[in-house]
Number of protein chains: 2
Amino acid sequence: MQAAIALDRTFHALSDPTRRAMVQRLSRGPASVSELAKPLAISLPAVMQHLHVLEASGIVRSAKVGRVRTCHVEPKVLSQAERWIAERRDQWERKLDRLADYLDATASENDNT
Amino acid sequence: MQAAIALDRTFHALSDPTRRAMVQRLSRGPASVSELAKPLAISLPAVMQHLHVLEASGIVRSAKVGRVRTCHVEPKVLSQAERWIAERRDQWERKLDRLADYLDATASENDNT
DNA sequence: CCAATACTTAAGTGGATGCTTAAGTATCAT
DNA sequence: ATGATACTTAAGCATCCACTTAAGTATTGG
């Protein structure tokens, strides 16, 4: 049930376009807070708040050296969210396949008119 | 950039445990609104509101026949969200691989002591 | 030392979210 | 026709969200 809260936080973190832009930037490599903020048309405190959300989800980690905080992506958490989606999608798609098989089988039974 | 709004809605829809439970139920097969509501400890209007969120994202579709509304999962929208995550994760993991390669190469240069 | 840099904290605001209860509407069964 | 069933709409409410500005703190370069 702890996994549910992790998924809550991860999907919530990814539901905002600014945060996805930050993740996209960080997936090209580490960046400081101000580097993350540069392309965004919002204040630095707003960027900090988004960063907190991303860190709370575990998607992003950061560490401060001197006055610079450097951030990077943590792919494991992304994998968990990805897997949740994939499992539901697979389940539904297999269900559709089984339905198709059943319909095919039923159709061929009626082939001998 | 229409895709961004679709991702907003999809990830937002998945960020709630009640809605994920509904998706999980629907990935086993179609269900009516009251079937969806049965295991949930919330009122029927609340279930409706969650359903609206899921439909707005495109994850779920529904149609009413008589007085029963039947809902089902739409796997394409799930795939898009899944792909967004996979792309970022891959990018970061490849970056780490390249870094490892670089470190290996640098290490072997210093092998001739 | 002192000013610039790089965050960080705090407080406030408008709007979205998730829930409720109450009161509908449209079928279906008798 | 009438009651039960299956939603559906509406209204209200507490909380959360994304953002702002203002005022910090901690490093670093001159």
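Chain A is the first sequence line, chain B the second, and so forth, proteins listed ahead of strands; every chain is numbered from 1. Computed from a predicted structure; not experimentally measured.
- DNA chain D lies under 4.0 Å from at least one heavy atom of each of the following residues of residues 43-50 of chain A: A:S43, A:P45, A:A46, A:Q49, A:H50.
- For B:D90, the salt bridge (Lys or Arg N to Asp or Glu O under 4.0 Å) test picks out no residue, with sequence neighbours left out.
- Residues of residues 16-35 of chain B having a heavy atom closer than 4.0 Å to DNA chain D, listed by number: B:S32, B:V33, B:S34.
- Comment: B:E82 engages A:R89 in a salt bridge, judged by a side-chain N to carboxylate O separation of less than 4.0 angstrom.
- Closest approach of A:F11 and B:L14 over heavy atoms only: CD1-O, 3.3 Å.
- B:V53 and B:M48 fall into different hydrophobic clusters, where Ile, Leu, Val, Met, Phe, Trp and Tyr side chains are chained together by heavy-atom contacts under 4.5 Å.
- With sequence neighbours excluded, the residues satisfying side chain to side chain contact (heavy atoms under 4.5 Å, CB included) with A:S32 are A:S34, A:E35, A:V68.
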Write out a two-atom table: protein N or O, nucleotide N or O from nucleotides 27-30 of chain D, distance below 3.5 Å.
| from | atom 1 | to | atom 2 | distance (Å) |
| --- | --- | --- | --- | --- |
| D:dT27 | O2 | A:R67 | NH1 | 3.1 |
| D:dT28 | O4' | A:R67 | NH2 | 3.4 |

Identify each donor-acceptor pair in which a side-chain atom of residues 69-80 of chain A lies under 3.5 Å from a protein atom, sequence neighbours left out, and give them as a table.
| from | atom 1 | to | atom 2 | distance (Å) |
| --- | --- | --- | --- | --- |
| A:R69 | NH1 | A:S62 | OG | 2.9 |
| A:S79 | OG | A:P75 | O | 3.1 |

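- Side-chain atoms of B:W84 and A:V23, non-hydrogen and from C-beta on, do get closer than 4.5 Å to each other.
- Remark: P of D:dC17 and NE2 of A:H52 are 14 Å apart, rounded to the nearest angstrom.
- Between B:K64 and D:dT8 there is a side-chain N or O to OP1 or OP2 distance below 4.0 Å.
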